[in-house]
Amino acid sequence: MSLLTIAFTLLFYFAGAVLLAGLVYRIRLYATTPTPLRIPTTPAPTTAPGVVRRMFFEVTLFNSLFKSNKWIWLFGWIFHMALLFVLLRHLRYFTDPVWSWVSLIQPIGKYAAFAMVAGLFGLWARRLLVDRVRYISSPSDHLMLALLVGIGLTGLGMKYVAHTDIVAVKAFFLGLMYFDWQPMPTDLALNLHLLMVAMLMIVFPFSKLLHAPGVFFSPTRNQIDNPREKRHLPTRETAAGETSA
Amino acid sequence: MAEFETPALRPYPEIPPIEIGVMAHSKPFYAKEDHQQKIGFPGELIDNWQQAAVDKMGELVDNSRALRVFLDSCVKCGACTDKCHYYIGTSDPKNMPVARQDLFRSVYRRYYTLAGKYFPSLVGARDMDQSVLDEWYSYFHQCSQCRRCSVYCPYGIDTAEISMAAREIMDSIGVGQKYCNEIIGKAQTIGNNLGLPEPALADTLEGLEEDIEDETGVTVRMPLDEKGADILLVTPSADFFAEPHVDGLIGYAKVFHQAGLSWTLSSHASEAANFGMFIGSYDNMQKLALRVREAALELGVKRIVFGECGHAWRVAYNFLNTLAGPFDFLDPNYPLPQHVCEVTYDLIQRNALRLDPSANDDMVLTFHDSCNV
Ligand code: HEM
Ligand code: SF4
Ligand code: SF4
C-alpha cells in the first residue's frame, strides 16, 4: 500500500470518528442541559403540532431569515439546498448497488454544485463588503467559507475539467466501510478535495457548524407557548424535549 | 391636541454605517455596597474576580440550554446586525446583537472551547480582563432585553438571555447596577419598587377613591389587603404614583366596580414589575414571584390578575407558574395569571360594561399591546 493510501485511510477513520463522537457528545449536552424557564419568541405556537410546523419551515425554508434579510436568505438558502443535493449525490460512492433514488437525482446534483459555489461567493461578498458583517467576522468565518468553496471548486474541477478515476474512488470508500482497504488514486484535485472534506468533518463539532444540530434545540423556537396551562419545569427526560411536552 | 413633528415615513429603513466606540462611555451608576449585599451579592469587586467570573459563566451555561445552544450556533450571518434599536440609534457596532453576544462569546470560547483555548485569535477569543469587564458593563446595559433580535435570527438566538447572564456574572463578582439592585432590595423588603409602605399605599388609594367620587359621583372602592376577596390585583407600583399610570389603576377600579367583581390589592405584593429578570437573577426573581403566591394564600383569593406593564407581564405570563407554582389553590376556571386587558375584553364581550364612546371622542386612540397579551 502506498503512503498516500495509508495516510488517507487513517485520516478518514480519524475524521469520521471525530465527527461522530463530537456530534453525539454535543447533542447529548444540548439535550440534557436544563431549560430553567419558558422563553419562546413571538409569534409562538400554542400546540405541539404548531411547534413541529414552525421548526419544519425554519429548517427547510429559513423562515425567520427570510423575514430578516432577503440577500442573506437568498444566498444562504441556495447554498444549503445545493449542499443537500450535492451530499445526496455523493451517496453513490458509498452504496453498491447505488440506490435508485440516488441515481435519479444525479443530474440535479451535478448542477447544484454550481449553485452551491455561487451561494457561497454571495455570502462571502457580503462578509467582505457590508461593513456590519465585516465587523463581526473573525478569521475562522472566512476560513470556513474558503474551505467550502475549495471543496466545491475542486469537485467541479474533477467533474468538468479533468476527470478522476471515480471507480477507484468508490472502491476506496467501500473498502473503508468494509475494512477491505483499497488504494487511493494519486490525483492532485481529488487528493485536495478529500483532504478538505476530512478537515471539514474534523472541525464540524468544534465550530459554528454546530448550528445544524443547534437549531433543533433552540428553546426560543422549539418551546410551546402554554406556560399558564402547563407548568414548565426545567428538566425533562425526553431529548429534543419541548415538542413532546 | 399637542403639535408633533412627525418624522417622515421612509419606504426603506436606513441603516447607519458603523462608528466604532461611540457608545463605549455610556454606562449606568454602580450599585453601592449595601444595595449589593441586600440581594445576596458581594458588596465590591472581589479578589480573583477573573476566575470567579469564568467559573460562574460555566455554571450558567451548564444550567441553560438556551445559553449553550446560542453560544455554539451563531454563524455570524449578520441578519441581526440592523435589528437592534440601540444600534440603529447609536451606530456603535457593539450594539449590534451579534456583536453584543460576542462580548460574552469571546470569553466563553477562550475558556470553554477547544478552538478558543488553542487558537484564540482565529476565533476571536479573549481573556477575561478589566477591559472586557468595562465593555460588558457598558454594552450589556445598552440592551433593553426586548428580544427583537431573537425574532429575526435563523436560530432564534436571544441576545437578552446573554445580557441577563452577563449581568448575573457581574453581580456575582460584585459589579452591580444601582437602579435595578436598589429597587429589588426594596421590593423584597417593603413589597414594591418604589418603597411605598402599607400606610402610604392605603393613603394613596383613599385619595384616589375620593378623586373618582369627585369626578363621577360614584363611590368606587380600592381595597387593600382585604381577606376573602375573589381577585388579587398585582400592578406596577408606578400605578400608585406616576402620571399617567395612575389613570390605568383608576380604570381597573372602575371596571371591577361596574362588573361587580370582588377584588383587592396587597401591600405584601404591591409590585408587578419583577426586576429580578433584568439582572438575570433566578433567585431574586423567584423571591419576588413568591411574594405574589404568599399574598394570594394569605388573602385567600381565587384569581390573580396583573395590571399593565410589558415586562411585568413577561415574568407573570411566562415564568410565574414555574417560579412560584403550582397554583392549585386558585380557581382553575381562570388562566393563571390573567391580564387586566383579558379581563376587560371578556367583560366587554359579555356586555358586562357600559361604555360611553363619547367620553373620549376628542382623541384618536389606538391600543398598543406592549404586554404581548
Ligand atoms: C439542519 C441543517 C442546517 C440548517 C437549518 C442550516 C441553516 C443555516 C442558516 C439559516 C444559515 C444562515 C444563513 C447563511 O449564512 O447561509 C447558515 C449558515 C451557514 N451554514 Fe448552515 N444549516 C444547516 C446545515 C449546515 C451544514 C451541514 C453545513 C456545512 C457542512 C452548513 C454550513 C453553513 C455555513 C458555513 C454557514 C455560514 C455562511 C457564512 O459564512 O455566511 N450548514 N446555516
Ligand atoms: S442572526 Fe443569529 S446567527 Fe446570524 S449573526 Fe445574528 S445571532 Fe448570529
Ligand atoms: S434584546 Fe437587546 S440586543 Fe436584542 S434587539 Fe433588544 S435591545 Fe437589542
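So that the names make sense, note that chain A is the first sequence line, chain B the second, and so on, each numbered from 1.
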A.B. asks: Given side chains that start at C-beta, do those of Leu122(B) and Leu143(A) come closer than 4.5 Å, heavy atoms only?
C.D. replies: yes

A.B. asks: With a 4.5 angstrom heavy-atom cut-off, is it the side chain or the backbone of Asn63(A) that approaches chain B, or both, or neither?
C.D. replies: neither

A.B. asks: For Ser218(A), which atoms come within 4.5 Å of any heavy atom of chain B: side chain, backbone, both, or neither?
C.D. replies: both

A.B. asks: Would you say His232(A) and Asn321(B) make side-chain contact, with heavy atoms under 4.5 Å?
C.D. replies: no

A.B. asks: Heavy-atom pairs under 4.5 Å with chain A: which of Asp158(B), Asp102(B), Asp82(B) has the most?
C.D. replies: Asp82(B)

A.B. asks: Is it the backbone or the side chain of Lys83(B) that comes under 4.5 Å from a heavy atom of chain A, or both, or neither?
C.D. replies: side chain

A.B. asks: Who among Phe327(B), Phe319(B), Tyr282(B) has the most heavy-atom pairs with chain A under 4.5 Å?
C.D. replies: Phe319(B)

A.B. asks: By the definition side-chain contact (heavy atoms from CB on, under 4.5 Å), identify the one residue from Asn318(B), Val315(B), Leu323(B) that meets it with Leu37(A).
C.D. replies: Leu323(B)

A.B. asks: Compare all side-chain heavy atoms of Phe217(A) with those of Arg68(B) and state whether any distance is below 4.5 angstrom.
C.D. replies: no

A.B. asks: Under 4.5 Å from any heavy atom of chain B, what part of Ile136(A) do you find: side chain, backbone, both or neither?
C.D. replies: both

A.B. asks: Measure distances from Leu123(A) to the heavy atoms of chain B and classify the residue's part below 4.5 Å as side chain, backbone, both or neither.
C.D. replies: neither

A.B. asks: Regarding Arg228(A) and Glu342(B), does a basic nitrogen lie under 4.0 Å from an acidic carboxylate oxygen?
C.D. replies: yes

A.B. asks: Does any backbone or side-chain atom of Phe62(A) lie under 4.5 Å from a heavy atom of chain B? Answer side chain, backbone, both or neither.
C.D. replies: neither

A.B. asks: Could you go step by step and tell me if Thr33(A) and Arg65(B) meet the side-chain hydrogen bond (donor to acceptor under 3.5 Å, both in side chains) rule?
C.D. replies: CA-CA 5 Å; Thr33(A) 306; Arg65(B) 186 184 298 166; 5.9 Å; no

A.B. asks: Are any non-hydrogen side-chain atoms of Thr220(A) and Phe70(B) less than 4.5 angstrom apart?
C.D. replies: yes

A.B. asks: So, are Arg26(A) and Asp72(B) salt-bridged, with charged N and O less than 4.0 Å apart?
C.D. replies: yes

A.B. asks: Can you check whether Arg38(A) reaches Tyr317(B) side chain to side chain, under 4.5 Å on heavy atoms?
C.D. replies: no

A.B. asks: Report yes if some heavy atom in the side chain of Ser138(A) is under 4.5 Å from a heavy atom in the side chain of Val123(B); otherwise report no.
C.D. replies: no

A.B. asks: Is it the side chain or the backbone of Asp141(A) that comes within 4.5 Å of chain B heavy atoms, both, or neither?
C.D. replies: side chain

